[in-house]
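Accompanying notes for the structure given below.
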Amino acid sequence: MVSILNKPSSLIHEICLEKVDGWKLFKFSDSLQQRMEQLLEKKKADQLIAEEAAELDAIGELDRIFTHINAMMAAQDVNQ
C-alpha cells in the first residue's frame with residue numbers, strides 16, 4: 001500500500017547523515033532512494049497515479065532542500 005504524503009517533513013525518518021569523501025552529507029535512506037527512482041520511472045512512462053505524484057513531489061521538495069543544505073555546508077567548510 002502506498003502512503004499519501006502531504007509534507008516533506010513526513011519523510012524525516014528516511015533521512016540520514018553520511019560521511020562521503022570527508023564530507024558529512026544529508027542523504028536519503030536506501031529505501032527512500034529506491035522509492036524515488038521507482039516513482040521517477042513511473043512518471044517517465046506516464047503511469048503515475050495522483051497519490052504517487054503527490055509522494056514524488058514531497059520527495060522532490062526534500063531532495064531540493066537537502067541539496068541546498070549540503071551545498072551550504074560544503075561552502076562553509078571550504079571557507080574555513
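The first residue in the sequence is number 1, and the count goes up from there.
- Of the inter-residue distances, the one linking M72 atom CE with T67 atom OG1 reads 12.5 Å to the nearest 0.5 angstrom.
- Distance check: K44 NZ to E41 CD gives 5.5 Å after rounding to the nearest 0.5 Å.
- Going from atom CD of Q33 over to atom NZ of K27 covers 7.5 Å, rounded to the nearest 0.5 Å.
- Placement of L17 and L11 within a single hydrophobic cluster is found when ILVMFWY residues are connected by side-chain heavy-atom separations under 4.5 Å, directly or transitively.
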* Yes or no on side-chain hydrogen bond (donor to acceptor under 3.5 Å, both in side chains) for Q34 and Q38, after CA distance, side-chain angles and deciding distance? -> CA-CA 6 Å; Q34 289 174 341; Q38 291 170 349; 5.9 Å; no
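- Here ring pair (Phe, Tyr, Trp, His ring centres under 6.0 Å) pairs that include residues 17-70, with residues two or more places apart or in two chains, are F26-F66.
- Residue K24 holds its NZ atom at 13.0 Å from CG of N70, rounded to the nearest 0.5 Å.
- Between D30 atom CG and C16 atom SG the span is 7.5 Å, to the nearest 0.5 Å.
- Expressed to the nearest 0.5 Å, how far CD of E52 lies from CD1 of I59 amounts to 10.5 Å.
- Exactly one of K43, K42, R35 qualifies for a side-chain contact (heavy atoms from CB on, under 4.5 Å) with L56. That residue is K43.
- Heavy atoms only, all atoms of each residue included: L39 and L48 are closest at O-CD2, 3.7 Å.
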